[in-house]
Amino acid sequence: MNFKKELAGILYEALEGEISVEQLEQAIEKPKNQSLGDLAFPCFSLAKLKRKAPNLIAEELKEKIQSPTFEKVEVVGAYLNLFLNKKLVSEKVISQIMTEDSHYGDQNFGVGGNVTIDMSSPNIAKPFSMGHLRSTVIGNAIAKILEKCGYKPIRINHLGDWGTQFGKLIAAYKHWGDEEKVKQNPIKELLALYVQFHAEAEMNPALEDEGRSWFKKLEDGDEEALSLWQWFRDESLKEFSRIYELMNVEFDSFAGEAFYNDKMDRVIKLLEEKNLLVESDQAQVVELTEEELPPCLIKKSDGATLYATRDLAAALYRKETYDFVKSLYVVGHEQSLHFKQLIAVLRKMGYDWADNMVHIPFGMMLKDGKKMSTRKGKVVLLEEVLNESIEMARSNIEEKNPNLANKDEVAKQVGVGAVIFHDLKNNRMNDIEFSLEEMLRFEGETGPYVQYTFARACSILRKGDWTKDASSQASYHSTWEKEWKVVSMLMEFSNAIKRACENFDPSQVAKYIVDLAQSFNKYYAEVKVLEDSEEKQARLALVYSVTVVLKEGLRLLGIDAPEEM
Ligand code: ARG
């Protein structure tokens, strides 16, 4: 139900069709302070059209608003302020939530269009870092939000499983590797070999050539190189899968960089045909002077391809395979230039659909104000972080609710949820300071706070023996005065979803559910919901509605909502 639309319709009639319903709907505002009304319509811009002072126009419009939806209309200066009929609107909103349940807030503007989402995309033989956590969590939430709006998301894990670094890794393994050790602790050993390679190569530059030649062999399909690479890849994926399972994230495709090895010749040919490839320092590049970007490197002097070459092949493949309406890349802002170049090259190749590609950057995860990096081994391992968070959640449960039945599961839901929420609650461009204590707080803007509010609401429903059937027969509330704040928040859900979808910004949903949780907790502190009264069923129906929206909001962020904690 959309009261803005209803008001826009009434204004349209009142203005005798001089301004379109859409324009009117856009002009309708929500007063900052609810005591001024629930909706406001500014009349300034009508003054010219009507050749009248805006406040007079407001007065005239006021007379024409005769709908039971609005219980009071006031003119304040040039504004028409409208107060919704609390009883009528509350009952409509609540019965809508009860009917639609988790579909409340669904949108249909996506109309089934495919959207590919390049997300997570860790590099094999390296630990899954906090940076990849950000991409995973943000990408997953965007996918769910898009789906809620009618799109069909396709989650693609563009694994970093190809490139010169794997030549180096093979060289390192050939020199110093120990099969048994790698088997026991793959990522750690492989990372150590990689670090050792860089240290030794500083003293012995010939190693670099060795690495390059191993990668060349890999690209040419050399058996030994391929089988080592395959082994490193399998072991890495085993470790990554544990993390994805813990976080409940699934992918539609694991086509990583290696997948495009046999698809790059075509790209290079196309670039040649379109006369876009030029020689520069013995390498092949696409010049992007008009775009004011540095040239995009396509092929090195030794014939090896690059990250960008694989991304070009991937873009073509995705367009041909999924015919996307949008193609998203959830990758840290350090790679902004790369994506600008990628899109620019595709445009130069004459592909209009390059305009539908969007890089979705995000800020860094900081520890004590500094960047966390893998190179120097100074890295916080995500799996350890998640496990630590789960442990902390568990000791919290032991303290607060020692008799809880499924402690393990709840500890996992809360521990993982805390990490995810902490990541999503701020605009994604902000850097985030990593702090487990902060994430796991039960007060303030945290995942556990929202989950706790949900569990509390569920317990109220249990205590009140509430069932949906009983309440739909019960008479509703007489005034909905004290409930109004919460009802107004419930009405805002679809706006939060729309904003999140349009801006690829899950924090809109995160902020929204914190606000809803806060207004609900305030209400619950003021009103004795469970006290016997004629209005008890209606109050419980409101509590139920809050659980539906909190749960759905958390789900959109990729977070579970335990009913008890
Ligand atoms: N593996 C890359 C990294 O960790 C991210 C890949 C992002 N996706 C892409 N299509 N380039 O930096």
Side-chain angles (χ1 to χ4, degrees), residues 115-140 142-143 153-166 168-169 187 190-191 194 215 229 232-233 236-237 239-240 243-244 249 251-261 263-264 267 296-298 305-322 324 326-346 351 353-354 356-365 371-375 379-382 428 504:
V115 180
T116 55
I117 308 175
D118 186 307
M119 54 180 267
S120 195
S121 310
N123 301 319
I124 65 164
K126 280 196 188 169
F128 196 108
S129 71
M130 291 304 282
H132 296 115
L133 165 80
R134 296 219 64 196
S135 169
T136 311
V137 162
I138 296 168
N140 195 43
I142 289 176
I154 295 144
R155 296 169 173 83
I156 302 175
N157 196 331
H158 189 78
L159 289 173
D161 57 1
W162 208 247
T164 1
Q165 69 269 36
F166 299 103
K168 294 179 187 175
L169 189 59
I187 301 252
L190 294 174
L191 178 66
Y194 189 68
F215 180 54
W229 169 81
F232 299 158
R233 188 180 190 273
S236 307
L237 269 186
E239 292 215 21
F240 297 160
I243 293 168
Y244 293 137
V249 175
F251 295 91
D252 300 287
S253 161
F254 278 89
E257 294 186 46
F259 179 76
Y260 300 100
N261 188 34
K263 298 172 182 60
M264 282 182 287
V267 172
C296 181
L297 204 54
I298 303 292
T305 55
L306 291 119
Y307 185 54
T309 330
R310 293 186 279 283
D311 258 330
L312 284 171
L316 285 171
Y317 178 83
R318 287 174 193 175
K319 184 63 198 172
E320 284 158 8
T321 311
Y322 304 109
F324 56 72
K326 279 192 182 92
S327 175
L328 314 181
Y329 294 82
V330 186
V331 186
H333 65 54
E334 315 86 86
Q335 294 194 28
S336 289
L337 175 60
H338 165 74
F339 287 104
K340 278 193 192 130
Q341 291 176 305
L342 178 66
I343 294 169
V345 172
L346 289 163
Y351 300 122
W353 49 260
N356 301 325
M357 290 167 61
V358 191
H359 174 213
I360 300 182
F362 51 82
M364 284 185 299
M365 185 74 89
K371 181 183 174 184
M372 300 175 167
S373 92
T374 328
R375 262 291 174 77
V379 65
V380 178
L381 301 186
L382 181 63
R428 59 182 153 73
F504 308 113

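Everything quoted here is computed from the prediction, not taken from an experiment. Read the numbers this way: they start at 1 and go in the same order the structure lists the ligands and their atoms.
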NZ of Lys340: more than 12 outside heavy atoms within 6.0 angstrom? no
Among Asn140, Asn157, Thr136, whose side chain to side chain donor-acceptor pair (under 3.5 Å) with Tyr244 holds? Asn157
Please confirm whether Trp353 and Phe324 have ring centers closer than 6.0 angstrom. yes
Non-neighbouring partners of Phe504 that pass ring pair (Phe, Tyr, Trp, His ring centres under 6.0 Å), sequence neighbours left out: none
Residue pairs, two or more places apart or on separate chains, that pass salt bridge (Lys or Arg N to Asp or Glu O under 4.0 Å) and touch residues 311-320: Asp118-Arg318, Arg266-Glu320, Lys319-Asp323
Show me the side-chain donor-acceptor pairs of residues 330-337 shorter than 3.5 Å, one per line, residues at least two apart or across chains.
| from | atom 1 | to | atom 2 | distance (Å) |
| --- | --- | --- | --- | --- |
| Gln335 | OE1 | Tyr307 | OH | 2.5 |
| Ser336 | OG | His333 | O | 3.0 |

Neighbouring residues of ligand 1, heavy-atom cut-off under 4.0 Å: Asp118, Ser121, Asn123, His132, His158, Tyr307, Asp311, Tyr329, Val331, Gln335, Phe339
